[in-house]
Participant: 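What follows is a structure written as structure tokens; I'll ask about it next.
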Amino acid sequence: MDVRKVVIPVAGWGTRSLPATKNVPKEILPVFRKPSIQYIVEEAIASGLSDVVFVNTQNKRIIEDHFDHNLALEQLLERKGLTALLNEVRSVARMANIIVVRQKEQLGLGHAVMCAKEVIKDEPFAVMVGDDLMFNRNPGINQLIQVYKNERMPVVGVMEVPRDKVSRYGIIDAEEFAPGLYRIRGVEEKPAVDKAPSRLALVGRYVLTPEIFTHLDTVSADGAGEIQLTDALQALARKNRLLAVKVHGQRFDVGDWVDYLTANIYFALQDENLRYDLIDRLRELIPPAR
Ligand code: UTP
């Protein structure tokens, strides 16, 4: 069966991005001209996924509203003859079939994925973490879907991270069986630098099968009270049922200020009307070398 559905958890508190995220969801913070979550949905659609399942919470409904029509605004743009903007605004509402499920308590990524169980039923599905942006001609999640189609096994996306950053990620212990493709022996959540089995980090892209729900059911909460997806992945790895693919592309974590600001500049630099003015302004900000 083909992968049609994507679960996008967006219910987190976004504490790293406070105070910006006091009332505005992290996923709505703009990256250049669009809310960051729009890039994620666009990546899903470009990869052939049609049904987007947001796992959301009651105070972040603005996320699903962004993918709905704003009829008053559309009428205004039509009256004013702002056709390009009208088409752009409309296309966001027509982009995907949006399904929303609630995570009533923020009990971690594993718990968020579990909340989508009834919608997923017995199909393979993608998971894209709502604050990890990836850009490449072959979209990030599509790189995993291609592996899934060949291997018919759950696949996680990994990228190599610098040694001093391994303790921020889930890190895999794996054997490479083809270039950039790994059979996973184990996964460790945020290991100490000297204990990390590799520098290959989980980067918020997964293709899973309903088998994961059985494992999530048995995972107990960690010290912070969260159900970690990594623990359920570990159970798959122990049964030799988990692959990884090294994802190619630029990645930005919206919850990290350096990444967030860099993502804005990355896109602005691709806009021919802005590029040179932006470079001039940035030059003004950098103190001259002594
Ligand atoms: P993060 O690990 O970035 O957590 O979640 P967070 O709570 O949003 O942000 P910080 O770390 O406090 O700054 C990764 C993605 O998973 C979602 C988040 O909305 C984010 O898109 N998430 C996280 C949930 O949906 N539910 C949770 O319980 C936790």
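Being a predicted model, the structure only gives us computed values, none of them experimental. First listed ligand is number 1; within each ligand, the first listed atom is number 1.
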Participant: Only heavy atoms count here, so choose which of Val129, Asn56, Ile227, Ile63 is nearest to atom 15 (C) of ligand 1.
Facilitator: Val129
Participant: Suppose I only count heavy atoms of Gly130 and a 4.0 Å limit; which atoms of ligand 1 are within that range?
Facilitator: 21 (O)
Participant: Pro210 and Lys121: which non-hydrogen atoms are nearest, and at how many Å?
Facilitator: CG-O, 3.6 Å
Participant: Among protein heavy atoms, which lies nearest atom 7 (O) of ligand 1, and at what distance?
Facilitator: Trp13 N, 3.2 Å
Participant: Could you see if Val254 belongs to whatever hydrophobic cluster contains Ile37? Use Ile, Leu, Val, Met, Phe, Trp, Tyr and a side-chain cutoff under 4.5 Å.
Facilitator: yes
Participant: Keeping Lys60 on the side-chain end and Glu27 on the backbone end, is there a donor-acceptor pair under 3.5 Å?
Facilitator: no
Participant: So which protein heavy atom does atom 11 (O) of ligand 1 come closest to, and at what separation?
Facilitator: Arg16 NE, 3.1 Å
Participant: Test your reading of the model: is there a side-chain donor-acceptor pair from Asn264 to the backbone of Phe32, 3.5 Å cut-off?
Facilitator: yes
Participant: Using a 4.0 Å heavy-atom cut-off, say whether Lys26 meets ligand 1 through its side chain, its backbone, both or neither.
Facilitator: side chain
Participant: Can you find a non-hydrogen atom of Gly255 under 4.0 Å from ligand 1?
Facilitator: no
Participant: Among all protein heavy atoms, pick the one closest to atom 28 (O) of ligand 1 and tell me residue, atom and distance.
Facilitator: Gly108 N, 2.8 Å
Participant: How far is atom 26 (N) of ligand 1 from its nearest protein heavy atom, and which residue and atom is that?
Facilitator: Gln103 OE1, 2.7 Å
Participant: Any idea which protein heavy atom is nearest atom 12 (O) of ligand 1, and the distance to it?
Facilitator: Thr15 OG1, 2.4 Å
Participant: Any side-chain donor paired with an acceptor under 3.5 Å for His248 and Gln143?
Facilitator: no
Participant: Locate the shortest heavy-atom distance separating Asp132 from Val203; write the atom from each residue and the value.
Facilitator: OD2-O, 3.2 Å
Participant: Same hydrophobic cluster for Val166 and Met159, using side-chain heavy-atom links shorter than 4.5 Å among ILVMFWY?
Facilitator: no
Participant: Using the rule given for side-chain contact (heavy atoms from CB on, under 4.5 Å), can you reason through Arg275 versus Leu269, listing the C-alpha separation, both sets of side-chain angles and the distance that settles it, and then say yes or no?
Facilitator: CA-CA 5 Å; Arg275 184 184 304 148; Leu269 287 176; 4.2 Å; yes
Participant: Ligand 1 versus His111, non-hydrogen atoms closer than 4.0 Å: side chain, backbone, both, neither?
Facilitator: neither
Participant: Which protein non-hydrogen atom lies closest to atom 25 (O) of ligand 1, naming both residue and atom, and how far is it?
Facilitator: Ala11 N, 2.8 Å
Participant: Would you say atom 2 (O) of ligand 1 makes contact with the protein, given that contact here means a non-hydrogen protein atom less than 4.0 Å away?
Facilitator: no
Participant: Where is the nearest protein heavy atom to atom 18 (C) of ligand 1: which residue, which atom, and how far?
Facilitator: Gly12 N, 3.5 Å
Participant: Quick one: does Glu27 get an N or O within less than 3.5 Å of an N or O on ligand 1?
Facilitator: yes
Participant: Please list, in number order, the atoms of ligand 1 under 4.0 Å from a heavy atom of Leu107.
Facilitator: 28 (O)
Participant: Can you tell me which residue and heavy atom of the protein come closest to atom 5 (O) of ligand 1, and the distance to 0.1 Å?
Facilitator: Asp131 OD2, 4.2 Å
Participant: Residue-level breakdown please: for Thr57 versus ligand 1, do any non-hydrogen atoms fall below 4.0 Å on the side chain, on the backbone, on both, or on neither?
Facilitator: neither
Participant: Does the ring centre of Phe252 sit less than 6.0 Å away from the ring centre of Tyr39?
Facilitator: no
